[in-house]
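Worksheet for the structure shown next.
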Amino acid sequence: MSIHGAIPNLQYRDPKAAIKWLETAFGFETRLVVPHGEGDDEIIVHAQITCGKAMVMISTAGVGMGNDSGDGKKIMTHPDETGGASTMGIFLVVDDPDAHFARAQKAGADIVKPLTEQPYGGKDYAARDCEGHLWSFGTYDPWAG
C-alpha cells in the first residue's frame, strides 16, 4: 500500500468568505469550487485551494465528509463548537516565513504563536484563520533531511 499525499479538509460556516480570506492572508489560490443550490441556499460541496504544492479542501460546515457517519452521528466539528479549541492544525512549509507572517498579520490573522526560531531548526509561527482553524507556517521541512 502506498499513500501519494495528504490533503486536509476544512469546513467553514461561510466558505466563500473563508476562501477569499485565505487567499489574502495566507497566499492561497482557488483551483476549483463546486457549489450546489442557488442564492441563499447555495453551499460549497467541495473546493480546492492551493499554494505551491500544498492543497487544502474546503466545504460548507455540515456537508460531505464532516456531515455524519451514515448513522446520523456527527464526525467533524467546527472551532466555534469547541470554544475555539482546535483538534488539529495544519503546518505548511514556506520559503520566507517573515514575509508570510507580515502578510498574515496585515490581513488580520489571529497570531497565536509569534514568529520563532526553533531549536530543532527552522523558523515558524501559528495563526487562527477567519473562522478559528489553526495554521502554522515555517521553514522546517522534515522531508528535506
Side-chain angles (χ1 to χ4, degrees), residues 1-37 42-70 72-145:
M1 176 175 81
S2 178
I3 295 174
H4 297 281
I7 305 170
N9 176 324
L10 296 175
Q11 295 196 341
Y12 290 87
R13 302 278 182 224
D14 187 347
K16 286 182 183 178
I19 289 168
K20 287 180 185 175
W21 191 92
L22 293 165
E23 289 174 341
T24 301
F26 296 156
F28 280 94
E29 295 179 8
T30 299
R31 182 170 185 237
L32 173 73
V33 176
V34 180
H36 183 276
E42 183 179 87
I43 60 169
I44 303 299
V45 177
H46 175 83
Q48 300 168 0
I49 60 172
T50 60
C51 191
K53 294 180 183 179
M55 178 184 287
V56 176
M57 292 183 190
I58 304 290
S59 62
T60 300
V63 175
M65 183 174 107
N67 191 22
D68 65 57
S69 61
K73 293 181 182 173
K74 188 174 179 175
I75 58 175
M76 278 182 79
T77 192
H78 187 275
D80 67 8
E81 297 173 301
T82 65
S86 293
T87 58
M88 68 160 272
I90 298 172
F91 180 85
L92 297 170
V93 180
V94 296
D95 293 331
D96 186 347
D98 296 278
H100 200 277
F101 180 74
R103 178 182 188 148
Q105 275 191 311
K106 183 177 178 183
D110 176 18
I111 306 299
V112 296
K113 187 183 91 179
L115 198 55
T116 305
E117 292 279 349
Q118 297 300 335
Y120 50 80
K123 186 176 189 180
D124 60 28
Y125 77 96
R128 292 193 186 282
D129 68 21
C130 58
E131 290 197 19
H133 295 285
L134 182 62
W135 299 75
S136 297
F137 300 91
T139 56
Y140 178 71
D141 183 353
W143 291 107

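When a residue number appears, it is its place in the shown sequence, counting from 1. This one's a predicted model, so the numbers in the text were calculated from it and none came from an experiment.
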**Request:** Could you tell me which non-hydrogen atom of Gly27 sits nearest to which non-hydrogen atom of Cys51, and how far apart they are?
**Result:** O-SG, 3.5 Å

**Prompt:** How would you list, by chain and number, every residue that makes a ring pair (Phe, Tyr, Trp, His ring centres under 6.0 Å) with Tyr125, sequence neighbours excluded?
**Reply:** His100, Phe101, Phe137

**Prompt:** So do the side chains of Tyr12 and Ile58 get within less than 4.5 Å of each other, counting heavy atoms only?
**Reply:** yes

**Asked** Can you list the steps and then say if Phe28 with Val56 is a side-chain contact (heavy atoms from CB on, under 4.5 Å)?
**Response** CA-CA 9 Å; Phe28 280 94; Val56 176; 4.1 Å; yes

**Message:** Using the side chain to side chain contact (heavy atoms under 4.5 Å, CB included) criterion, which residues pair with Ile3? Sequence neighbours excluded.
**Reply:** none

**Complete:** Contacts of Lys20 meeting side-chain hydrogen bond (donor to acceptor under 3.5 Å, both in side chains) (sequence neighbours excluded), chain-then-number -> none

**Complete:** The ring pair (Phe, Tyr, Trp, His ring centres under 6.0 Å) partners of His46 (sequence neighbours excluded) come to none

**Message:** Can you list everything that forms a side-chain hydrogen bond (donor to acceptor under 3.5 Å, both in side chains) with Asp98? Sequence neighbours excluded, please.
**Reply:** Lys123

**Prompt:** Got a sec, which residues hit side-chain hydrogen bond (donor to acceptor under 3.5 Å, both in side chains) with Thr50, two or more places apart in sequence or on another chain?
**Reply:** none

**Prompt:** Does the side chain of Ile90 reach to within under 4.5 Å of the side chain of Ser136, using non-hydrogen atoms?
**Reply:** no

Just list the side-chain donor-acceptor pairs under 3.5 Å for residues 109-122, sequence neighbours left out, or say none.
residue: Lys113; atom: NZ; partner: Asp124; partner atom: OD1; Å: 2.6
residue: Thr116; atom: OG1; partner: Pro114; partner atom: O; Å: 2.7
residue: Gln118; atom: NE2; partner: Asp124; partner atom: OD1; Å: 2.9

**Asked** Which heavy-atom pair separates Arg103 from Ala25 by the least distance, and what is that distance?
**Response** CG-O, 3.4 Å

**Complete:** Rounded to the nearest 0.5 Å, the CD atom of Gln11 sits from the CD1 atom of Ile44 at a distance of 12.5 Å

**Message:** I need the Met55 CE to Asn9 CG distance, nearest 0.5 Å.
**Reply:** 12.0 Å

**Side chain to side chain, Leu134 and Phe91, heavy atoms closer than 4.5 Å** = no

Expected list for residues 29-36: side-chain donor-acceptor pairs under 3.5 angstrom, two or more places apart:
residue: Thr30; atom: OG1; partner: Glu23; partner atom: OE2; Å: 2.5
residue: Arg31; atom: NH1; partner: Gln48; partner atom: OE1; Å: 3.0

**Validation row: Ile49, Ile19 side chains within 4.5 angstrom (heavy atoms)** = yes

**Verdict with supporting geometry, Glu42 and Lys16, side-chain contact (heavy atoms from CB on, under 4.5 Å)** = CA-CA 10 Å; Glu42 183 179 87; Lys16 286 182 183 178; 2.3 Å; yes

**Prompt:** For residues 78-90, which residue pairs qualify under side-chain hydrogen bond (donor to acceptor under 3.5 Å, both in side chains), counting only residues two or more places apart or in two chains?
**Reply:** Arg13-Asp80, Lys74-Glu81, Thr77-Glu81, His78-Asp80, His78-Glu131, Ser86-Arg128

**Prompt:** CG/Leu10 to CG/Asp129 distance, rounded to the nearest 0.5 angstrom?
**Reply:** 7.0 Å

**Test item: His4 and Ser2 side chains (from C-beta on) under 4.5 Å apart, heavy atoms** = yes

**Request:** Could you tell me which residues satisfy side chain to side chain contact (heavy atoms under 4.5 Å, CB included) with Cys130, sequence neighbours excluded, listed by chain and number?
**Result:** Ala18, Trp21

